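Please read these numbers as outputs of a predicted model, since none were measured by experiment. We use all heavy atoms of the structure for the numbers below, so side chains are in, but hydrogens, waters and symmetry mates are not.
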Amino acid sequence: MNAVQRREALSRCLTETPCPVSATALAQRFSVSRQIIVGDIALLRAAGANIVSTPRGYLVPREVGGRLRTLVCRHSAAELEPELNIMVDNGCTVIDVAVEHPVYGQLSGRLELSSRYDVGEFIRRVKDEGAKPLSVLTDGIHLHTLRCPDEDAFQRVRTALDAAGFLVKE
């Protein structure tokens, strides 16, 4: 398989797979190095492919139902897991996190967390990598974009975050 064929197969693989796939797993599947996959993804993106990076790997976003809503939260780094669990426990998907940096403007990270398992894996990776949440740059203040199945789910999240002291009221 040459490079063009590999990129076509890589694109098909990501389009057909509903879950994120790590560069390591893709490298094994296509019998190349992880760095080759990273380069292939960059070339596919440059050609217009909508491939996003999540903490668990590459993903082609799906058009799914639901309402997109944004919340402003504030909490310590130690409270990250309870905050995310509140969101997924109430039926919403945490699409991303964003902070407003004084020099760089808005910085965001794609999350795509839909379950406690997803949250647990994200927290494990944060700990394993010794990473800090983006919110440490802004004294704990950050935004989340959520995909909620309906307005009731969003209101449940708001109520629970408020009760936990995580919601910043406008």
Side-chain angles (χ1 to χ4, degrees), residues 14-15 17-23 25-26 37-38 41-42 44-46 48-162 164-170:
L14 292 174
T15 300
T17 306
C19 302
V21 183
S22 72
L26 292 166
I37 295 297
V38 171
I41 295 293
L44 288 167
R45 285 175 170 161
N50 185 16
I51 301 172
V52 298
S53 298
T54 76
R56 294 184 346 246
Y58 296 111
L59 173 72
V60 172
R62 308 268 185 277
E63 291 297 321
V64 295
R67 294 170 169 82
L68 293 181
R69 297 288 187 261
T70 303
L71 290 169
V72 181
C73 298
R74 183 178 195 173
H75 56 77
S76 69
E79 296 167 313
L80 177 61
E81 188 170 12
E83 176 216 33
L84 295 172
N85 280 332
I86 286 171
M87 295 174 192
V88 300
D89 286 351
N90 283 285
C92 296
T93 297
V94 185
I95 303 296
D96 62 17
V97 60
V99 296
E100 191 65 35
H101 191 274
V103 175
Y104 299 111
Q106 188 176 48
L107 302 175
S108 66
R110 191 79 177 208
L111 298 177
E112 293 289 338
L113 307 174
S114 298
S115 67
R116 276 192 177 245
Y117 174 80
D118 293 347
V119 171
E121 286 297 298
F122 174 71
I123 296 299
R124 181 190 59 76
R125 287 212 49 217
V126 167
K127 289 177 182 173
D128 287 354
E129 300 293 328
K132 298 201 182 327
L134 281 177
S135 60
V136 301
L137 299 172
T138 56
D139 196 29
I141 297 175
H142 58 284
L143 293 86
H144 283 294
T145 305
L146 304 179
R147 183 181 310 108
C148 303
D150 52 43
E151 195 61 30
D152 289 341
F154 178 66
Q155 291 308 321
R156 288 192 308 271
V157 169
R158 284 182 54 86
T159 300
L161 289 173
D162 191 30
F166 299 154
L167 189 65
V168 174
K169 297 182 178 142
E170 289 103 58

Q.
Let me confirm one number: the CD-NE2 distance from E83 to H142, rounded to the nearest 0.5 Å.
A. 3.5 Å
**Q.** Candidates E112, M87, R110 - the one meeting side-chain contact (heavy atoms from CB on, under 4.5 Å) with V94
**A.** M87
Q | Pairs meeting criterion salt bridge (Lys or Arg N to Asp or Glu O under 4.0 Å) with involvement of residues 85-105, two or more places apart | A | D89-R116
Q: Would you indicate whether the side-chain heavy atoms of N85 and P82 approach each other to under 4.5 Å?
A: no
Q: Give the intermediate values and the outcome of side chain to side chain contact (heavy atoms under 4.5 Å, CB included) for residues Y58 and V38.
A: CA-CA 10 Å; Y58 296 111; V38 171; 3.8 Å; yes
Q. Which pair of non-hydrogen atoms, one from L59 and one from P18, has the smallest distance, and what is that distance?
A. CD1-O, 3.6 Å
Q. Could you give the distance from CZ (R158) to CD1 (I86), rounded to the nearest 0.5 Å?
A. 13.0 Å
Q: Report yes if the side chains of R45 and S53 come closer than 4.5 Å at any heavy-atom pair, otherwise no.
A: yes
Q: Give the C-alpha distance, both sets of side-chain angles, the deciding distance and a yes or no for side chain to side chain contact (heavy atoms under 4.5 Å, CB included) between R124 and K127.
A: CA-CA 5 Å; R124 181 190 59 76; K127 289 177 182 173; 5.9 Å; no
(Q) With rounding to the nearest 0.5 angstrom, report the OG to CG distance, S135 to L107. (A) 12.0 Å
Q) Side-chain contact, heavy-atom cut-off 4.5 Å: L84 with V88? A) no
Q: Determine, step by step, whether L14 and I41 satisfy the side chain to side chain contact (heavy atoms under 4.5 Å, CB included) criterion, reporting the C-alpha distance in whole Å, the side-chain angles of both residues, the deciding distance to 0.1 Å, and the verdict.
A: CA-CA 10 Å; L14 292 174; I41 295 293; 3.7 Å; yes
Q. Partners of T159 by side-chain contact (heavy atoms from CB on, under 4.5 Å), sequence neighbours excluded?
A. none
(Q) I need the H144 NE2 to T70 OG1 distance, nearest 0.5 Å. (A) 11.0 Å
Q | Heavy-atom pair with the smallest gap, counting every atom of T93 and S114 | A | OG1-OG, 3.0 Å
Q: Quick one: do F154 and L71 satisfy side chain to side chain contact (heavy atoms under 4.5 Å, CB included)? Show the steps, please.
A: CA-CA 10 Å; F154 178 66; L71 290 169; 3.6 Å; yes
Q | Over all atoms of both residues, closest heavy-atom pair of G109 and L134 | A | N-CD1, 3.9 Å
(Q) Measuring from atom CD1 of I123 to atom CD of E81, what distance do you get when rounded to the nearest 0.5 angstrom? (A) 5.0 Å
Q: Write down the atom of V72, the atom of L143, and the distance for their closest heavy-atom approach.
A: CG2-CG, 4.1 Å
Q.
Restricting to non-hydrogen atoms, name the atom on N90 and the atom on V157 that form the minimum distance, rounded to 0.1 Å.
A. CB-CG2, 3.5 Å
Q) Do T138 and R74 have side-chain heavy atoms sitting under 4.5 Å apart? A) no
Q) CZ/R56 to CG/L111 distance, rounded to the nearest 0.5 angstrom? A) 10.0 Å
Q | Minimum heavy-atom distance C73-V168, with the two atoms named | A | C-CG2, 3.7 Å
